Amino acid sequence: MAREVTAVVAELRESFGKGAARKLRVLGKIPAVIYGHGTEPVHVSLPAHRIALLLRRANMLLELDIAGAKQLVLVKDVQKDPVKAIIEHIDLVVVRKGEKVQVEVQVHMSGESFAGTIADFDTKTLLLEVEATDIPENVTVSIEGLEDGAQVHAKDVPLPSGATLISDEDALVVYIHTPRGEDEEEAETEVITAGTPAATPAA
């Protein structure tokens, strides 16, 4: 399913620096900068609560209303306070309908691997090139019935129409394995112990 375009009202800002950013956050706003297509950076502020809710989803596509002018942008980078986990700043990139962009898209698994095995991710995202207005929510790979030792590589993951894989096609995405039992671990420990020379008492 493609991402919906979400409308957000943005306000132009003329004050910069840490002090100005703090004042904006007190007012419930987030400072942001819009880049792209050879244009000068545009400094705006965004509604903090609404943006925080929207950014729970990756690769958000926003249609900003800036003093009545519409601007389509993609969220490129979000800077957060490492302690308070609040959003401090956002970088946005200008996109146009029909334009292709490169984005990291999450990989989901469907189905169940063979009884007694476990499926683990080696990588949870793939870099894809897709139309800016048709970014998929995720891509899904089936692990139904896969047995111990099976591997799923990037090239094995079905992609939506129009999407191109940019990640290494041989990159490991999912691997299937059988968890080691306690008996096996104990047996291995006994073998290692048995093979270890006894310590010679000091003279």
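The basis for the numbers below is simple: all heavy atoms, side chains too, and nothing from hydrogens, waters or symmetry mates. Since we're looking at a predicted model, the values are computed, not measured.
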Atom pair [atom1]/[atom2] of [X] and [Y] - distance to nearest 0.5 Å:
X: I135; Y: N59; atom1: CD1; atom2: CG; answer: 5.0 Å
X: L172; Y: D122; atom1: CG; atom2: CG; answer: 4.0 Å
X: D65; Y: E63; atom1: CG; atom2: CD; answer: 8.0 Å
X: K124; Y: N138; atom1: NZ; atom2: CG; answer: 13.5 Å

Side chains of [X] and [Y]: closer than 4.5 Å at any heavy-atom pair?
X: V95; Y: V73; value: no
X: L165; Y: L126; value: yes
X: V94; Y: Y35; value: no
X: V75; Y: L92; value: yes
X: E14; Y: L12; value: no
X: Q151; Y: I176; value: no

Tell me the closest heavy-atom pair linking [X] and [Y], and the distance in Å.
X: L128; Y: I166; result: C-CG1, 4.0 Å
X: I118; Y: D120; result: CG2-OD1, 3.8 Å
X: Y175; Y: F121; result: CE2-O, 4.1 Å

Okay, side chain of R13, backbone of A32: is any donor-acceptor separation there less than 3.5 Å?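 The answer is yes, because a donor-acceptor pair under 3.5 Å joins these two groups.
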Indicate every side-chain donor-acceptor pair of residues 104-116 with a distance under 3.5 Å to a residue at least two apart or in another chain.
unit_1: E104; atom_1: OE1; unit_2: T125; atom_2: OG1; d: 2.9
unit_1: S113; atom_1: OG; unit_2: T117; atom_2: OG1; d: 2.8

Give the table of side-chain donor-acceptor pairs shorter than 3.5 Å for residues 39-56, with sequence neighbours excluded, one pair per line with atom names and distance.
unit_1: T39; atom_1: OG1; unit_2: G36; atom_2: O; d: 2.7
unit_1: R50; atom_1: NH2; unit_2: A7; atom_2: O; d: 2.7

List in chain and number order the residues that pass side chain to side chain contact (heavy atoms under 4.5 Å, CB included) with R96, two or more places apart in sequence or in another chain; answer none if no residue qualifies.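 H37, E99.
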Just checking K100: does its NZ atom have more than 12 heavy atoms from other residues, nucleotides or ligands closer to it than 6.0 angstrom?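 Count over threshold, so yes.
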Are the charged groups of E131 and K97 less than 4.0 angstrom apart, N to O?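 Answer for the salt bridge query: no.
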Do K29 and E11 sit within salt-bridge range, that is, some charged N less than 4.0 Å from a carboxylate O?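 Salt bridge present between K29 and E11.
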Using a distance-only test with no angle check, is there a side-chain donor-acceptor pair under 3.5 angstrom linking D148 and H177?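 Absent: no donor and acceptor within the cut-off.
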I would like to know whether L72 and L64 meet side-chain contact (heavy atoms from CB on, under 4.5 Å); could you show each step before the answer? CA-CA 6 Å; L72 197 63; L64 299 184; over 6 Å; no
Does the side-chain contact (heavy atoms from CB on, under 4.5 Å) test come out yes or no for V103 and L74, once each step is laid out? CA-CA 10 Å; V103 292; L74 181 67; 3.9 Å; yes
Do V139 and L127 sit in one hydrophobic cluster, given that two such residues count as connected whenever their side-chain heavy atoms are within less than 4.5 Å of each other, even indirectly?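 Per the 4.5 Å side-chain linkage, V139 and L127 are not co-clustered.
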